[in-house]
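Atoms considered below: every heavy atom in the structure, side chains included; atoms not considered: hydrogens, waters and symmetry mates.
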Amino acid sequence: MILETQQNSDITYRVYDYGRLTNGKPRELHVDKSIDVITVPARSVDDSVKHYDDLPENDWQELIACAYYRVFKLNLKGSVEVKQSHPFLNISILEGCGTLNGQCVKKGDHLIVPAGYGMMQFEGDLELIASTVTASGL
């Protein structure tokens, strides 16, 4: 399973378009703009792929943090309480089912938990990813 989380953007750079047409004409490519934002050669696999196979259960784990965003994972078997102290949290339920403050959540659900929400009480058998921005990324 791949879960892509990204910042909303109205910019898309098209490097290749598989011969698709819009109004009978090829769509515009943005090769020069793409080159400006692509790193070549890419970082090595050892420097870019991270594995998180053996995370502890019932513990809110930070997977990655940078100047723009933070990503967390929770492998829940039972119950855990987490304070929502971020500008917002995007939560995606990857596996299982349970509840968040009494509301049913299940695999495939995506939630936005706003700032000031307070305590989040998770119960059940869940695997979830949560992401937010960092203060400098606002």
So, R14 side chain and E28 main chain: donor-acceptor pair closer than 3.5 Å or not?
yes

Taking L100's backbone N and O only, do any of them form a donor-acceptor pair with E123's side chain (distance below 3.5 Å, no angle check)?
no

Taking the side chain as every heavy atom from C-beta outward, state whether V31 and I35 have any atom pair closer than 4.5 Å.
yes

Kindly say whether K77 contributes a backbone atom to a donor-acceptor pair with the side chain of N58 at under 3.5 angstrom?
yes

Centroid-centroid distance, F72 to H86, less than 6.0 Å
yes

Would you call D109 and K106 a salt bridge, using N to O less than 4.0 angstrom?
yes

Note, L21 side chain near P26 side chain (heavy atom, < 4.5 Å):
yes

Identify which one of N75, L55, L74 satisfies the side-chain contact (heavy atoms from CB on, under 4.5 Å) criterion when paired with Q61.
L55

Quick one: are K107 and E127 in side-chain contact, heavy atoms under 4.5 Å?
no

W60 reachable from L126 in the ILVMFWY side-chain graph, under 4.5 Å edges:
yes

Pair N101-Y117, side-chain donor/acceptor within less than 3.5 Å
yes

Answer whether the closest heavy-atom distance between the side chains of L89 and Q84 falls below 4.5 Å.
yes

Do any N or O atoms from the side chain of T132 and from the backbone of F88 form a donor-acceptor pair under 3.5 angstrom?
yes

Distance check, rounded to the nearest 0.5 Å: L94 atom CG versus H110 atom NE2?
8.5 Å

